Each structure stands twice: as C-alpha cells, then as structure tokens.
K.L.:
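A single structure is presented below for examination.
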Amino acid sequence: MSEAATGAPASRRRFLTWLSRGFLSLWGVGFAWVVGAFVRAPHSPRSLTERVIKIGPVDSLRVGQATLVQHGKLPIWVVRTAESSWVGLSGVCTHLHCVLTWDGEQQILGCPCHEGSFDLNGNVRSGPPPRALTKHKVETQLGQVYVNTTPEAHI
C-alpha cells in the first residue's frame with residue numbers, strides 16, 4: 001500500500017502546519033504584549049500633592065503638642081518637639097495595628113490595646129510592639145507645616 005493511499009504523510013503535514021502556526025501565533029501575541037508594554041506610558045508614582053499634606057500654620061501647635069493627621073487609612077502623628085523641630089511618626093502600633101494616642105505629659109505615643117509605648121524617635125519603650133514606628137518627613141515653608149505621607153525610613 002502506498003503512502004498516498006493511506007493519507008499518512010498528508011495528515012502528518014497538516015498536523016505539523018497547524019502546530020507551527022499555533023507556535024507562531026503564540027510568539028506573535030507575546031511580541032505584541034512586549035511592544036504594548038514598551039509603548040504604554042509608565043505608571044507614574046503618586047504626585048507631590050497626593051504625598052504631602054498641609055497640617056496648618058506653624059503657630060497652630062505649641063512645643064510639646066501633637067496632632068493626628070488622617071490620610072486615607074494612614075494616620076500620622078505630627079509632634080512639635082522644639083521651636084523649629086517637628087517629628088512625624090506613623091499613628092499605627094506595630095503590634096496589632098491599633099491607632100496610637102498621644103500622652104503630652106510623658107511625651108510618648110501609647111497603644112491603648114496592649115500598653116505598648118513609643119518615644120519621639122519612634123523606638124519601642126515598652127510593651128509587645130516588635131519594631132519601631134515608621135518616620136515621616138515634616139517640613140515648614142512660609143509659616144505652614146507639611147508632612148510627607150511617604151515613609152521616610154524604618155528606624
């Protein structure tokens with residue numbers, strides 16, 4: 001019996017053609033995705049106005065006072081430590097994510113849930129918190145106080 005009579009080579013050829021077209025199609029889709037990713041505008045980071053919050057006038061807080069600034073789900077404590085010195089610290093405890101409270105007498109941030117506390121550098125003073133608080137940069141410009149919501153560093 002000849003190969004032409006059985007149709008085996010034609011069937012094999014048709015299968016190999018279909019297989020090669022399938023692979024080329026996949027390569028084409030992959031190439032189009034790469035070109036699209038290259039041509040598309042890059043994802044821009046949050047703008048400066050989204051990262052910086054205006055707290056208010058410099059005179060709105062006396063030395064030793066603090067204010068809690070809410071930015072979405074991110075509370076930040078801003079403390080005036082001296083006439084021209086400000087500290088910005090995360091307002092969330094590193095233990096179980098409770099919102100911290102300000103104790104003006106002891107000059108500490110305290111966790112109402114498990115009695116943890118943090119000093120003005122964000123370091124753990126007592127309790128179960130496993131690590132220090134995240135710092136945020138605080139600046140004054142033209143008599144106004146601003147806090148940057150982007151974490152400055154983990155202490």
Side-chain angles (χ1 to χ4, degrees), residues 1-58 60-61 66-81 85-102 109-125 127-155:
M1 197 185 273
S2 72
E3 291 180 21
T6 61
S11 176
R12 191 177 307 139
R13 188 175 300 125
R14 215 179 353 213
F15 174 73
L16 290 174
T17 302
W18 176 83
L19 191 62
S20 60
R21 286 181 182 167
F23 280 125
L24 288 174
S25 297
L26 289 175
W27 276 94
V29 169
F31 179 74
W33 181 81
V34 168
V35 169
F38 179 75
V39 172
R40 186 177 15 141
H43 174 68
S44 63
R46 296 185 324 186
S47 69
L48 184 62
T49 56
E50 292 175 320
R51 289 180 293 162
V52 177
I53 300 173
K54 182 178 177 181
I55 304 300
V58 171
S60 64
L61 282 178
T67 186
L68 184 64
V69 179
Q70 192 70 29
H71 180 68
K73 294 181 179 181
L74 176 73
I76 300 171
W77 278 102
V78 177
V79 183
R80 188 170 189 178
T81 56
S85 179
W86 301 78
V87 173
L89 295 169
S90 171
V92 179
C93 181
T94 58
H95 178 229
L96 292 177
H97 307 290
C98 302
V99 176
L100 300 172
T101 58
W102 172 247
L109 291 169
C111 179
C113 302
H114 299 99
E115 298 180 5
S117 64
F118 301 88
D119 64 17
L120 291 179
N121 290 319
N123 298 318
V124 178
R125 285 190 57 201
R131 63 185 177 282
L133 296 174
T134 302
K135 276 192 163 185
H136 294 273
K137 188 173 185 180
V138 180
E139 295 180 331
T140 57
Q141 293 180 356
L142 301 172
Q144 298 291 322
V145 181
Y146 299 90
V147 63
N148 191 326
T149 61
T150 304
E152 188 175 83
H154 291 283
I155 321 173

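These numbers come from a predicted model, not from an experiment. Only this structure's heavy atoms are used, side chains among them; waters, hydrogens and symmetry mates stay out.
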K.L.:
Return the minimal non-hydrogen interatomic distance between L120 and V87, and the atom names on each side.
P.N.:
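That closest heavy-atom pairing would be O-CG1, 3.3 Å.
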K.L.:
With rounding to the nearest 0.5 angstrom, report the CG to CD1 distance, L74 to I53.
P.N.:
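The CG atom of L74 sits 7.5 Å away from the CD1 atom of I53.
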K.L.:
Which value, rounded to the nearest 0.5 Å, describes the distance between W86 atom CH2 and I55 atom CD1?
P.N.:
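That separation rounds to 8.5 Å.
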K.L.:
Show the nearest heavy-atom pair for residues T149 and H136, with the distance to one decimal.
P.N.:
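Smallest heavy-atom distance, with atoms named: O-CE1, 3.2 Å.
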K.L.:
Could you give the distance from CZ (R12) to CG (L19), rounded to the nearest 0.5 Å?
P.N.:
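These two atoms lie 13.5 Å from each other.
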K.L.:
Rounded at 0.5 Å granularity, tell me how far OG1 in T67 sits from CH2 in W77.
P.N.:
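Here the interatomic distance stands at 7.0 Å.
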K.L.:
State which residue, out of R80, Q141, Q144, fulfils the side chain to side chain contact (heavy atoms under 4.5 Å, CB included) condition with V58.
P.N.:
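Answer after filtering R80, Q141, Q144: R80.
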K.L.:
Check for a donor-acceptor pair, side chain of D119 on one end and backbone N or O of N121 on the other, with a separation under 3.5 Å.
P.N.:
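Yes; judged by distance alone, with no hydrogens or angles, the pair exists.
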K.L.:
Out of curiosity, W18 CH2 to F23 CZ, how far, rounded to the nearest 0.5 Å?
P.N.:
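Reported to 0.5 Å precision, the distance equals 8.5 Å.
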K.L.:
Could you give the distance from NZ (K135) to CD1 (I76), rounded to the nearest 0.5 Å?
P.N.:
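Taking NZ in K135 and CD1 in I76, the distance rounds to 14.0 Å.
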K.L.:
Can you give each donor-acceptor pair under 3.5 Å made by side-chain atoms of residues 89-101, sequence neighbours left out, with the distance rounded to 0.1 Å?
P.N.:
{"residue": "S90", "atom": "OG", "partner": "V92", "partner atom": "N", "Å": "3.3"}
{"residue": "T94", "atom": "OG1", "partner": "R131", "partner atom": "O", "Å": "2.7"}
{"residue": "H95", "atom": "ND1", "partner": "H114", "partner atom": "ND1", "Å": "3.4"}
{"residue": "T101", "atom": "OG1", "partner": "G110", "partner atom": "O", "Å": "3.2"}

K.L.:
Just so I know, are the side chains of V124 and F118 near enough to count as touching, which here means a heavy-atom distance under 4.5 Å?
P.N.:
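Yes. Closest side-chain heavy atoms under 4.5 Å.
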